[in-house]
Amino acid sequence: MVLGSIVGEYKSPIAVERLWKALICDAHNFMPKALPQVISSIDLLEGDGGVGTIKKFNFTEAVKEFRYVKDRVEIMDNENHVFRYSIVEGGILGFKVNSYVADVTFTSSSDGDCFAKLKIEYESLGDSLLSEEDVRNIKQGILTMVKAAERFLLANPQCLCTRA
């Protein structure tokens with residue numbers, strides 16, 4: 001087993017608070033609407049969306065590798081827009097990694113846009129890190145979700161995710 005990490009940054013034209021509410025606070029309602037070709041539903045299995053909540057992301061046939069992933073909210077700091085989750089079942093867990101924890105941070109830019117930072121720490125199943133292709137696919141999957149959220153929010157300016 002080897003410890004590895006994946007980092008990424010992205011600048012979004014959506015204001016921090018709006019993107020935070022859509023992607024983090026109300027993801028179980030929002031993401032199936034914003035990305036219906038990939039996410040069929042998100043079920044709250046335990047909790048109310050805050051720390052300790054376990055969510056099951058159910059994927060459509062477009063996702064070939066796996067049908068679902070369950071994650072647990074570890075940290076949810078609404079004031080500082082810091083979010084940590086761990087995968088507890090499904091996805092690449094048990095398939096490519098023994099553990100997977102992601103930290104997501106949103107900050108405002110001077111022009112009102114949002115900077116999103118991602119850091120994933122994982123423990124590999126074998127004696128090597130994830131392949132470059134696996135890392136690229138993980139980053140691309142997350143970026144696809146963010147861009148879908150942006151498109152939806154830009155096309156629907158009246159959409160206000162309500163959970164905070």
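Computed over heavy atoms, backbone and side chain alike; hydrogens, waters and symmetry mates excluded. In this text the structure is predicted, and so the values were computed from the model without any measurement.
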Would you name the heavy atoms of [X] and [Y] that are closest together and state the gap between them?
X    : Y   : value
C114 : A15 : CB-C, 4.3 Å
L23  : A27 : O-CB, 3.2 Å
P32  : S40 : CB-O, 4.1 Å
S109 : K11 : OG-CE, 4.1 Å

I want to check something: taking the side chain as every heavy atom from C-beta on, are [X] and [Y] in contact at a cut-off of under 4.5 Å?
X    : Y    : answer
Y10  : K147 : yes
L153 : L19  : yes
I142 : V104 : no
F57  : F59  : yes
V73  : I24  : no
N58  : D43  : yes
Y122 : L130 : yes
V88  : D71  : no

Quick check for you: to the nearest 0.5 Å, what is the distance between [X] atom [atom1] and [Y] atom [atom2]?
X    : Y    : atom1 : atom2 : value
H81  : K21  : NE2   : NZ    : 8.5 Å
R136 : S131 : CZ    : OG    : 7.5 Å
S99  : E123 : OG    : CD    : 4.5 Å
T107 : E9   : OG1   : CD    : 8.5 Å
S86  : I75  : OG    : CD1   : 10.5 Å
H28  : T53  : NE2   : OG1   : 9.0 Å

For the pair [X] (side chain) and [Y] (backbone), establish whether a donor and an acceptor sit closer than 3.5 Å, ignoring hydrogens and angles.
X    : Y    : result
S124 : V2   : yes
D111 : D113 : yes
R67  : T60  : yes
R72  : K55  : no
K96  : L93  : no
K139 : V7   : yes
N156 : F152 : yes

Are [X] and [Y] connected, step by step, through hydrophobic side chains (Ile, Leu, Val, Met, Phe, Trp, Tyr) whose heavy atoms are closer than 4.5 Å?
X    : Y    : answer
I120 : L125 : no
I42  : V146 : yes
Y68  : L44  : no
I87  : M1   : no
V101 : I6   : no

Whether Y85 and Y100 hold their rings parallel, tilted or perpendicular, with breakpoints at 30° and 60° | tilted

With ring centroids as reference points, do F83 and F106 lie under 6.0 angstrom apart?
-> no

Would you sort out whether E89 and K56 count as a side-chain contact (heavy atoms from CB on, under 4.5 Å), showing the intermediate values?
-> CA-CA 9 Å; E89 185 179 312; K56 181 180 180 188; over 6 Å; no

Salt-bridge criterion met for E74 and R84 (N-O under 4.0 Å) | no

Any ion pair linking D103 and K119 (charged N to carboxylate O, less than 4.0 Å)?
-> no

Stepwise, does the side-chain contact (heavy atoms from CB on, under 4.5 Å) test hold for M145 with I39?
-> CA-CA 10 Å; M145 290 195 326; I39 300 173; 4.0 Å; yes

Take S12 and E150 through the side-chain hydrogen bond (donor to acceptor under 3.5 Å, both in side chains) test and state the conclusion after the steps.
-> CA-CA 8 Å; S12 172; E150 285 176 356; 2.7 Å; yes

Does any donor atom in the side chain of N80 or D77 lie under 3.5 Å from an acceptor atom in the other side chain?
-> yes

